[in-house]
Novice: 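The structure's right below; bear with me while I get my questions together.
This one's a predicted model, so the numbers in the text were calculated from it and none came from an experiment. Hydrogens, waters and symmetry mates play no part in the numbers below; they use all other heavy atoms, side chains included.
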Amino acid sequence: MAYSNKVIDHYQNPRNVGSLDQNDPQVGTGIVGAPECGDVMKLQIRVDDQGRVTDAKFKTFGCGSAIASSSLATEWVKGRTLEEAEQLKNTEIVKELALPPVKIHCSVLAEDAVRAAIADVRRKQEARTSAGAGAR
Amino acid sequence: MAQKLIYLDNAATTPVDPRVLEVMLPYYRENFGNSASRNHQFGWVAEEATENARKQVAAVINADPKEIIWTSGSTESNNLAILGAARMYADKGRHLVTSLIEHKAVIDPCKFLQSQGYEVTFLQPDNKGRVSVEQVREALRPDTVLVSLMFANNEIGTIHPIPEIGALCHEKGVLFHTDATQAFGKVPVDVEAMQIDLLSMSAHKIYGPKGVGALYVRRKKPRVRLEPVIYGGGHERGMRSGTLNVPGIVGFGEAARIAKEEMPAESKRLAGLRDRMWAGLSEHLTDIARNGDPQHCLPNILNVSFLYVEGESLMMGFSDIAVSSGSACTSASLEPSYVLKNIGLGDDLAHSSIRFSLGRFTTTEEVDYTIKSVVRTVNHLRAMSPLYEMAQAGIDLSKVEWQHH
Ligand SMILES: Cc1ncc(COP(=O)(O)O)c(C=O)c1O
């Protein structure tokens, strides 16, 4: 199977590889997939007080399309608000990377990773507000 | 990037040796006759050619030329051996013994027989891919008619204890078939010394043409009879009808001749390159594991798991080198290699494995270039692998609760 040029580009020059501090209250972490299934994605976002994603990082174990999907997802969520980031659809990833049908699951996984990271940071924010309320 | 593609997938298929092609060509042109035409020169020339090839192929395994049946390849040879023996000896019994790491061309005919009321025992090899004689002995029953175990495995190169299993089968009066597709022409095979009754071979794994193979069928002690799979004009002692692929068979014969002649030097050279590859990878990379049995293996196959990186993404990093992966992503089934799973590798390790299979035209420079490319790619991918990061942090990956999807 031949890869699209965009997949190859993300594979060779992945954007935003790395890790953020998982314990930072402004960082949301999503880890999806399983080694036995052949792909694991870790996607992290840092969110400022206005609820905007200021940074995003990923690490992925998986095929080239999985790497490219998560790399692209980090690029797309940066600068968006959480509400906007939540709108990210796997079909957009499929289109942008020209993924063949057998690789659609890679884009689904990237979407899941974004959602998991958003959910994580929201949970932290809620915990903080309720903790703050309780202190008063 | 190298200018030229490097081919390290010789267990999948091999290029036709130019010397082989040379001897084939006249049989497409002027010597186009049908070897079954008994009444003119065209037929005689063709027949002489296929009979000469029969001698050449028989010589590699110490068989009598009369014991060679031409087929379209090992898939057909395996089907003929297994279905043919099971049907011919159904009155004697309906039990077969094979292993879990056979090629699909053995497993699927066995499964078909199961659907027809036969019983099949699939032996589980050890973690190096070997089935022991004791396992076979324990599996044998009074109604066992056939044991089918591959000579050498196509993914990991492990060689089974063939002579011991052959002796056991003969002692018990059970027929012994071996799929020798990967071993034929690469390591010594002797149907007499090893007491083999049926043996599958294929031309395209030994620098011959695709779509040509043979089945060795023992004629004496015991005389093996097979119910054909293909019926027709009664060619090949009635066991395989159909006009012979004369140019292909001529090519197979020449390929067999060359393989036999060059085997002593070539198997040493290949083992040297394989060891060089493993040494080079081990020197530059941590967390890699060699799959198979280094004590009992083909000289040309090296199967390696690169922990924390996925096989298809690895292959993408050295796209100028052709190899095979145990990863699901490269197969239509989306299942990782059943061979690796059945020698006890977890799915995660199976996803991380690569098979390098070297061949006649592989050079030292190619091996060195491959080592460099693989090391660079593994490092590139580990830098972005969440599994590598977790392992480095001391997390036991088997204890993590993953989100299966
Ligand atoms: C062990 C083994 N058996 C059988 C086959 C099938 O051989 P053929 O391609 O000649 O049908 C192969 C090759 O893929 C093989 O490696």
Side-chain angles (χ1 to χ4, degrees), chain A residues 1-4 7-20 22 29-44 57-71 74 90 99-113 115-116 119, chain B residues 1 305-320 325-337 340-341 345-353 376-393 395-405:
Chain A
M1 191 191 341
Y3 300 97
S4 70
V7 169
I8 294 173
D9 181 41
H10 278 281
Y11 172 88
Q12 286 172 346
N13 313 295
R15 330 289 200 259
N16 308 310
V17 173
S19 294
L20 302 172
Q22 201 161 339
T29 302
I31 300 180
V32 296
E36 305 87 79
C37 304
D39 26 35
V40 175
M41 282 182 194
K42 184 183 84 167
L43 193 143
Q44 296 181 299
K57 296 276 184 212
F58 86 95
K59 284 205 172 187
T60 289
F61 163 85
C63 64
S65 304
I67 290 170
S69 295
S70 37
S71 171
T74 56
N90 83 291
L99 297 181
V102 293
K103 296 297 183 187
I104 287 176
H105 73 276
C106 299
S107 68
V108 173
L109 207 59
E111 183 189 310
D112 288 350
R115 286 176 194 278
Chain B
M1 288 276 259
S305 291
F306 299 90
L307 277 67
Y308 318 124
V309 296
E310 190 273 337
E312 188 186 341
S313 63
L314 257 175
M315 302 203 323
M316 205 175 154
F318 38 90
S319 51
D320 53 345
S325 159
S327 161
C329 280
T330 53
S331 71
S333 67
L334 288 179
E335 277 290 315
S337 154
L340 297 176
K341 282 173 74 168
L345 256 71
D347 278 5
D348 50 340
L349 280 181
H351 280 297
S352 301
S353 68
R376 179 174 27 79
T377 307
V378 170
N379 288 332
H380 173 67
L381 291 172
R382 281 186 179 164
M384 60 172 121
S385 165
L387 304 183
Y388 186 66
E389 181 181 64
M390 289 161 122
Q392 295 300 300
I395 297 170
D396 181 351
L397 295 177
S398 64
K399 302 251 159 63
V400 176
E401 269 188 47
W402 300 104
Q403 278 189 12
H404 292 261
H405 54 283

Novice: What closest approach, in Å, do B:E310 and A:F61 show between heavy atoms, and which atom pair accounts for it?
Specialist: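 Of all heavy-atom pairs spanning B:E310 and A:F61, the closest is N-CE1, 3.4 Å.
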Novice: Shortest non-hydrogen contact from B:E312 to A:C63?
Specialist: OE1-CB, 3.5 Å
Novice: Is it the backbone or the side chain of B:Y388 that comes under 4.5 Å from a heavy atom of chain A, or both, or neither?
Specialist: neither
Novice: Mind ranking A:V7, A:V40, A:I67, A:I8 by heavy-atom pairs under 4.5 Å with chain B and telling me who comes out on top?
Specialist: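 Between A:V7, A:V40, A:I67, A:I8, the count favours A:V40.
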Novice: Going by side-chain hydrogen bond (donor to acceptor under 3.5 Å, both in side chains), name the residues that satisfy it together with A:E111, two or more places apart in sequence or in a different chain.
Specialist: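 Testing A:E111 for side-chain hydrogen bond (donor to acceptor under 3.5 Å, both in side chains), a comparison that skips the adjacent residues, returns A:R115.
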Novice: Side chain to side chain contact (heavy atoms under 4.5 Å, CB included) with A:L20: which residues, sequence neighbours excluded?
Specialist: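 For A:L20 the side chain to side chain contact (heavy atoms under 4.5 Å, CB included) partners, ignoring immediate neighbours, are A:V27, A:Q44, A:R46, A:D55, A:K57.
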Novice: Out of curiosity, B:M390 CE to A:I31 CD1, how far, rounded to the nearest 0.5 Å?
Specialist: 4.5 Å
Novice: Do A:P35 and B:L387 have side chains that approach each other closer than 4.5 Å (heavy atoms only, starting at C-beta)?
Specialist: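 In contact.
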Novice: For A:V108, is it the side chain, the backbone, both or neither that has a heavy atom under 4.5 Å from a heavy atom of chain B?
Specialist: neither
Novice: Can you give me the closest heavy-atom contact between B:P386 and A:K42, atom names plus distance?
Specialist: CB-CB, 4.1 Å
Novice: Quick one: NE2 on B:H380 to CG on A:N13, what's the gap to the nearest 0.5 Å?
Specialist: 7.5 Å
Novice: Tell me the closest heavy-atom pair linking A:E36 and B:D347, and the distance in Å.
Specialist: O-CB, 3.4 Å
Novice: Taking all heavy atoms of B:S313 and all of A:Y11, pick out the closest pair and write down the distance.
Specialist: O-OH, 2.6 Å
